[in-house]
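To start, the structure under review is shown below, and the notes come after it.
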Amino acid sequence: MAVESVAIQNFMQLDDPQCEERIRRAKAKLGERVVVLGHHYQREEVFRHADFVGDSLKLSRLAAGSRADYIVFCGVHFMAEVADILSGPQQVAILPDLAAGCSMADMADQARVERAWRELDEMLGGEVEQGVTPVTYINSAADLKAFCGRHGGIVCTSTNARNVLDWAFGQREKVLFFPDQHLGRNTAYAMGIPLEDMVVWDFDQPHGGLTPEQVRRARMILWKGFCSVHQMFRPEHVDAFRAKYPEGKVISHPESAFEVCQKSDYVGSTEYIIKTIAESAPGTRWLVGTELNLVNRLHQQFKDEGKSVHFMSPTVCMCSTMFRISPQHLAWTLENLVQGQVVNRISVPAAEAEQALRALNRMLEVSP
Ligand code: 13P
Ligand code: SF4
């Protein structure tokens with residue numbers, strides 16, 4: 001007999017403490033059949049229910065190593081897709097709210113990337129496959145990871161971008177990096193590639209708005225994408241902090257603008273930011289350029305050690321799509337699993353998953 005799924009509407013009326021109780025009960029019933037993975041940007045009421053937390057690379061590895069029947073991903077869509085691709089065929093990846101996307105990931109799609117590849121081929125005299133390695137940031141849809149898999153390319157995260165670019169330049173002379181121009185520029189510059197060797201591919205313009213000569217001279221071709229959260233951090237925020245607290249330290253996520261990263265003492269992934277602050281001396285004062293939920297958690301976590309953690313922007317900037325994962329959605333997802341019903345399954349078509357896996361495996365091989 002088919003079991004009816006429990007409707008989300010019943011959960012939207014619950015308050016957070018009610019959800020808390022129901023999430024705990026459902027998790028206890030499901031036991032080891034479920035694993036809840038949580039990205040560092042999740043709100044507190046969701047984050048506390050995660051069995052494991054991490055940045056994109058760590059969570060990918062956790063999904064690959066998990067034996068649970070159900071992987072409930074408290075993060076955004078591309079993360080659940082990666083969990084589906086890296087886990088076994090009998091395992092099920094679930095995203096508690098399907099509207100939890102990533103606006104940066106949406107800035108590159110297959111049609112535009114295929115067009116860019118064709119146009120680059122024209123501009124490079126039919127040599128794109130020999131001359132350009134496509135590199136996609138993990139913040140992208142599975143079909144773009146599959147594109148990289150097909151064309152000798154690779155995936156990167158903010159943790160391994162440098163290792164990945166080393167690999168990519170070892171294959172071919174140039175890199176097409178999408179969708180985040182900032183991660184691409186910040187990483188390549190730190191490797192010693194000057195800004196003059198980088199061009200920005202404007203996907204709204206024919207031939208990216210570039211001449212064949214500009215493309216021929218470039219080593220890094222940066223897709224014109226960005227993160228709407230990290231673009232809020234400005235160099236003047238760093239200047240104001242330094243003027244007030246000359247002894248303070250500045251740490252930023254590499255999705256932040258070049259000028260911000262240049263003015264920062266440290267640049268790295270969410271996991272790196274947490275580790276660096278955790279290992280700093282008691283009394284250190286930090287200005288942090290990443291998402292607000294994580295910065296608030298760091299502030300709480302380290303205030304008893306006398307460390308002060310400041311948010312970089314004067315305006316509130318949360319990742320609104322990460323915030324879509326609510327305790328209500330998590331309770332709904334888990335209670336359905338208790339009833340034997342899977343809701344919001346993320347399933348990448350087999351042929352696409354196979355090609356994307358090639359690019360993900362290349363990444364895992366070169367990762368630190
Ligand atoms: P991390 O992999 O550093 O956690 O970054 C993910 C992300 O989306 C940052 O905006
Ligand atoms: Fe995407 Fe930016 Fe949100 Fe990260 S913070 S998930 S890059 S929109």
Side-chain angles (χ1 to χ4, degrees), residues 37-43 46-47 50 52-63 73-83 86 95-109 136-141 144-145 155-164 177-184 186-187 223-233 251-257 260-261 264 266-277 288-298 311-313 315-325 360 363-364 367-368:
L37 301 182
H39 186 264
H40 292 305
Y41 293 166
Q42 290 295 299
R43 53 170 115 168
V46 169
F47 190 80
F52 300 99
V53 296
D55 63 3
S56 308
L57 180 64
K58 186 171 163 194
L59 292 172
S60 302
R61 286 185 165 138
L62 285 162
F73 218 117
C74 297
V76 287
H77 193 269
F78 71 82
M79 296 180 176
E81 280 187 332
V82 170
L86 291 177
L95 182 66
D97 184 343
L98 295 179
C102 163
S103 53
M104 174 213 280
D106 294 341
M107 290 177 191
D109 57 46
T136 188
Y137 188 22
I138 197 164
N139 296 37
S140 58
L144 293 184
K145 296 182 177 84
V155 179
C156 78
T157 75
S158 54
T159 292
N160 58 25
R162 186 163 182 156
N163 307 70
V164 166
F177 190 96
F178 46 88
D180 186 24
Q181 58 173 303
H182 300 296
L183 177 64
N186 288 324
T187 311
W223 198 260
K224 205 182 173 182
F226 60 88
C227 166
S228 48
V229 178
H230 289 83
Q231 71 156 358
M232 304 292 280
F233 307 128
I251 188 163
S252 305
H253 195 280
E255 287 172 15
S256 309
V260 170
C261 291
S264 299
Y266 306 89
V267 177
S269 73
T270 55
E271 198 72 21
Y272 172 84
I273 291 173
I274 296 166
K275 188 167 173 283
T276 308
I277 296 179
V288 184
T290 198
E291 202 267 351
L292 186 59
N293 279 291
L294 172 54
V295 179
N296 282 342
R297 189 173 310 117
L298 288 167
F311 185 55
M312 196 177 280
S313 167
T315 50
V316 173
C317 39
M318 275 192 307
C319 176
S320 57
T321 47
M322 285 275 184
F323 194 75
R324 298 289 310 207
I325 309 293
L360 281 163
M363 171 189 87
L364 293 172
S367 293

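When a ligand or atom number is given, it counts from 1 through the structure's own listing order.
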Query - Atom indices of ligand 1, in the order listed, that fall short of 4.0 Å to a heavy atom of S269 - result: 3 (O)
Report summary line: Between the CE atom in M318 and the CG atom in L294, the distance rounded to the nearest 0.5 Å is 13.5 Å
Query raised in the report: Taking N186 for the side chain and S256 for the main chain, is one N or O donor matched with an acceptor at less than 3.5 Å?
Result: yes
Query raised in the report: Heavy-atom count around F52 CZ within 6.0 Å, excluding the residue itself: above 12?
Result: no
Requested in this report: With sequence neighbours left out, write down each residue that passes salt bridge (charged side-chain N to carboxylate O under 4.0 Å, His left out) with D97, or none if nothing qualifies.
Outcome: R324
Query - Close side-chain approach of V164 to T187, heavy-atom, < 4.5 Å - result: no
Requested in this report: Would you check if there is a donor-acceptor pair between the side chains of S56 and T157 at a distance under 3.5 Å?
Outcome: no
Query raised in the report: Hey, does N139 come in under 3.5 Å of ligand 1, counting only N/O atoms on both sides?
Result: yes
Report task. Could you tell me which non-hydrogen atom of L144 sits nearest to which non-hydrogen atom of T136, and how far apart they are? Result -> O-CG2, 4.2 Å
Report summary line: Listed as residue and atom, the protein N/O/S atoms under 2.8 Å from atom 2 (Fe) of ligand 2 are C227 SG
Report summary line: Nearest heavy-atom contact between F78 and I138 is CD1-O, 3.0 Å
Query raised in the report: Counting N and O atoms only, with roles assigned by atom type, does the side chain of K145 sit under 3.5 Å from a partner on the main chain of S140, one being a donor and the other an acceptor?
Result: yes
Query raised in the report: Does ligand 1 have an atom under 4.0 Å from some heavy atom of Y41?
Result: yes
Query raised in the report: What atoms of ligand 1 come within less than 4.0 Å of a heavy atom belonging to E255?
Result: 7 (C), 8 (O), 9 (C), 10 (O)
Report summary line: For H253, the ligand 1 atoms with a heavy-atom partner under 4.0 Å come out as 1 (P), 3 (O), 5 (O), 9 (C)
Query raised in the report: Any idea which atoms of ligand 1 are less than 4.0 Å away from a heavy-atom of H230?
Result: 10 (O)
Requested in this report: Determine, stepwise, if the pair M322 / H39 fulfils side chain to side chain contact (heavy atoms under 4.5 Å, CB included).
Outcome: CA-CA 9 Å; M322 285 275 184; H39 186 264; 3.4 Å; yes
Report summary line: Note: E271, heavy atoms under 4.0 Å from ligand 1, region reported as neither
Report summary line: Looking at S256, S158, S56, C102, the heavy atom closest to atom 6 (C) of ligand 1 belongs to S56
Requested in this report: Take every heavy atom of H39, measure it against each atom of ligand 1, and state whether any distance is under 4.0 Å.
Outcome: yes
Query - Minimal non-hydrogen separation, E291 against H230, with atom names - result: N-NE2, 4.2 Å
Query raised in the report: Is T157 in polar range of ligand 1, meaning some N or O pair under 3.5 Å apart?
Result: no
Query raised in the report: Are any of the N/O atoms in D55 less than 3.5 Å from those in ligand 1?
Result: no
